[in-house]
Participant: 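Handing you a structure now.
By convention here, the first residue in the shown sequence is residue 1.
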Amino acid sequence: MKEKLLISACLCGKNTKYSGGNNLIERLDELQQKYDLYLICPEVDGGLTTPRNPSEQLGEKVVSNKGVDVTNEFNLGSKIALEVALKNNIKKALLKESSPSCGTHKIYDGTFSGKKIQGMGVAAKLLKENGIEVYSDEEIEKLL
């Protein structure tokens, strides 16, 4: 029986990225051979549309580049991701680095200037706080 892996839907080719596109990873086939994949997109699952205005964390809030507070949607989507992990006894997650939801080591700094800082996305942080091992798409080797 394969191990289970929670994974950002955009990494699997689903068009859930804020721009309407995806972040399909080259090694998806290898991951599918080793894991049963459970796709999540905390932003879409939390009620945001695709495409949507880009958002960044600003202190305890998440705001769009138009100044709209989308914190509630990010929090709801993060809770849904955690529920999927807990319900299915999933211990590991592969998430999109730099995303305001899924960034595992770095996120954008909230100024919409393209600058990244050390930090975690809303969903990545919640998953980690609840015992899920989180990996970024830049760390796929650690999972294979």
Participant: Does Y35 share a hydrophobic cluster with L6, counting links as ILVMFWY side-chain heavy atoms below 4.5 Å and allowing steps through other members?
Facilitator: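 Unlinked, Y35 and L6 end up in two clusters.
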Participant: Can you tell whether the side chains of E56 and K116 come within less than 4.0 Å, N to carboxylate O?
Facilitator: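 Here E56 does not pair with K116 in a salt bridge, since their nearest N and O are not under 4.0 Å apart.
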Participant: Taking L31 as the starting point, is it possible to reach Y135 by hopping between hydrophobic residues whose side chains are less than 4.5 Å apart?
Facilitator: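 The answer is yes; both residues are in one hydrophobic cluster.
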Participant: Does E43 pair with R52 as a salt bridge, N-O distance under 4.0 Å?
Facilitator: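 Counted as a salt bridge, because a side-chain N and a carboxylate O are separated by less than 4.0 Å.
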Participant: Please check if Y38 and I7 belong to a single hydrophobic cluster, counting links between Ile, Leu, Val, Met, Phe, Trp and Tyr side chain heavy atoms closer than 4.5 Å.
Facilitator: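 The answer is no; the residues belong to distinct hydrophobic clusters.
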Participant: Got a second to check how far N23's CG is from E97's CD, nearest 0.5 Å?
Facilitator: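 One finds 11.5 Å between CG of N23 and CD of E97.
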Participant: Please examine the side chains of N75 and V122, heavy atoms only from C-beta on, and report whether any two atoms are closer than 4.5 Å.
Facilitator: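 V122 reaches N75 side chain to side chain.
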Participant: Out of curiosity, K14 NZ to I40 CD1, how far, rounded to the nearest 0.5 Å?
Facilitator: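 It comes to 14.0 Å.
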Participant: With a cut-off of 3.5 Å and sequence neighbours excluded, list every side-chain donor-acceptor pair involving residues 83-96.
Facilitator:
| from | atom 1 | to | atom 2 | distance (Å) |
| --- | --- | --- | --- | --- |
| N88 | ND2 | V84 | O | 2.8 |
| N89 | OD1 | K91 | NZ | 3.0 |
| K92 | NZ | E3 | OE2 | 3.3 |
| K96 | NZ | D137 | OD2 | 3.0 |

Participant: Side-chain heavy atoms nearer than 4.5 Å, only ILVMFWY residues, links allowed to pass through others: does that put L58 and Y108 together?
Facilitator: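 In one cluster with L58: Y108, no.
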Participant: With ILVMFWY side chains joined below 4.5 Å, transitively, what does I117's cluster contain besides itself?
Facilitator: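 Result for I117 is I107.
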Participant: Would a 4.5 Å heavy-atom cut-off, applied to side chains only, mark S19 and P51 as touching?
Facilitator: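 They are not in side-chain contact.
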Participant: Indicate if L39 and L5 have the same hydrophobic cluster label, given that clusters are the connected sets of ILVMFWY residues with side-chain heavy-atom separations under 4.5 angstrom.
Facilitator: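 Yes; L5 is reachable from L39 via cluster members.
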